[in-house]
Number of protein chains: 2
Amino acid sequence: MYTIGQVSEMFGLPVSTLRYYDKEGLFPSMRRQSGIRQFGEAEMEALRVIECLKASGLEIKEIKKFMAWCVEGPSTFAQRKALFETRKAAVEAEMRRLQKTLDMLKFKCWYYETAIRDGSEDRLKERIPDDLPAEIKKLYDNTHA
Amino acid sequence: MYTIGQVSEMFGLPVSTLRYYDKEGLFPSMRRQSGIRQFGEAEMEALRVIECLKASGLEIKEIKKFMAWCVEGPSTFAQRKALFETRKAAVEAEMRRLQKTLDMLKFKCWYYETAIRDGSEDRLKERIPDDLPAEIKKLYDNTHA
DNA sequence: GCTTGACCTGAAGTCAGGTTCAGGTGTTAT
DNA sequence: ATAACACCTGAACCTGACTTCAGGTCAAGC
């Protein structure tokens, strides 16, 4: 069993954040010893899952639901699995979005490299330059479709 | 030249958002016709860049700086390029983070699939199961390091 | 001439996810 | 016994990115 301060250290999260999570119901089965929170293995695992679900873009409210399901037992396995499947799809979509963003950024990097070499944007502004490298053209097409 | 309503349609952004962007200085060279905003080609391009930089996680304040550089002319090419390089690195980092999240989510999907088949978590909770598939083991190792 | 609709403004409100604050308790070290 | 800590609480505050609101202008159609 750990105190809030120890857990704060271990996870690199401010104490205030851990208390906030608790207030929001993210540790539904946490024990108290005369008022003081006792973080057990269940809470540590909860925190690992919280980090994962947060990283996947899930809201605190939804994470709370998940934690409640964990307390409810095996009858909620299917819901829990569905949640992770949904998150998986969301993260995959986000990665595709980021890939397009990345292509655009790469294009812009090339653009300013070229502008610096030319000393002006004029040639670039007018039209796609004749000497646009094939790889850059691909980035351009991906993002300016 | 387009009105704010037309641009709203074209970009799928609420009129209120466009006005907010303007207030935040994201269209430093926008013209007005007796009070009414006139969106020209510069503003359309600004919006495309805004979408890209926002998608890369940049704050509005920073986007405003970039737009000011664009007005300043060729002397700021290097800063603009540096900004895009920094964003590129940030997005790449974010994608690596998401990849780890995704591995964790895949592991959790497998976990609950197995729990549903077993009808209980008991076997899973104890230890890494003997029959943990190699592919899943990799996901597990990636995320539980 | 009056309503409708698209535009304008500044100020206030909203939401998530925390953080900070003021005041209180309980255990340990001097 | 008193100070120093780590813990506790509820309430207020903060930030970013918008949205909503109240009130006003102006051109076009009936």
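The sequence lines fix the lettering, A, B, ..., with proteins before strands; numbering per chain opens at 1.
A side-chain donor-acceptor contact under 3.5 Å links B/Ser120 and B/Asp122.
Boundaries of the chain A contact region on DNA chain D are D/dC7 to D/dT9, first to last in 5' to 3' order (nucleotide atom under 4.0 Å from a heavy atom).
Between A/Glu41 and A/Met1 there is no side-chain heavy-atom pair separated by less than 4.5 Å.
B/Lys54 has no carboxylate O lying under 4.0 Å from a charged side-chain N of B/Glu51, or vice versa, which leaves the two without a salt bridge.
Residue pairs satisfying the salt bridge (charged side-chain N to carboxylate O under 4.0 Å, His left out) criterion with at least one member in residues 70-81 of chain A, sequence neighbours excluded, are listed as follows: A/Arg80-B/Glu121, A/Lys81-A/Glu85, A/Lys81-B/Glu113. Every pair passing ring-ring contact (aromatic ring centres under 6.0 Å, His included) that includes a residue from residues 79-100 of chain B is listed here, sequence neighbours excluded: A/Tyr112-B/Phe84, B/Phe66-B/Phe84.
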Please list every donor-acceptor pair under 3.5 Å in which a side-chain atom of residues 3-15 of chain B meets a protein atom from a residue at least two apart or in another chain.
from, atom 1, to, atom 2, distance (Å)
B/Thr3, OG1, B/Gly5, N, 3.4
B/Thr3, OG1, B/Gln6, N, 3.3
B/Gln6, OE1, B/Thr3, N, 2.8
B/Ser8, OG, B/Leu13, O, 2.7

Check: residues 86-98 of chain B side-chain donor-acceptor pairs under 3.5 Å, at least two apart:
from, atom 1, to, atom 2, distance (Å)
B/Thr86, OG1, B/Ala82, O, 2.8
B/Arg87, NH1, B/Ser56, O, 2.8
B/Glu94, OE1, B/Arg97, NE, 2.9
B/Glu94, OE1, B/Arg97, NH2, 3.3
B/Glu94, OE2, B/Arg97, NH2, 2.7

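Listed by chain and residue number, B/Asp22 satisfy the salt bridge (Lys or Arg N to Asp or Glu O under 4.0 Å) test with B/Arg32 (two or more places apart in sequence, or in another chain). Residues passing the side-chain contact (heavy atoms from CB on, under 4.5 Å) test with B/Gln33 are B/Gln38, sequence neighbours excluded. For A/Lys106, there are no salt bridge (Lys or Arg N to Asp or Glu O under 4.0 Å) partners at least two apart in sequence or on another chain. B/Phe107 is linked by a ring pair (Phe, Tyr, Trp, His ring centres under 6.0 Å) to B/Trp110, B/Tyr140, B/His144, counting only residues two or more places apart in sequence or in another chain.
Residues from residues 5-28 of chain A placing a heavy atom under 4.0 Å of any atom in DNA chain C, listed by number, are A/Pro14, A/Ser16, A/Thr17, A/Tyr20, A/Tyr21. Residues from residues 33-42 of chain A with heavy atoms under 4.0 angstrom of DNA chain D, sorted by number: A/Gly35, A/Ile36, A/Arg37. Non-hydrogen atoms lying under 4.0 Å from DNA chain C are contributed by A/Glu59, A/Ile60, A/Lys61, all within residues 59-71 of chain A.
For the pair B/Lys23 and B/Tyr20, the cation-pi criterion (under 6.0 Å, within 45° of the ring axis) is not fulfilled.
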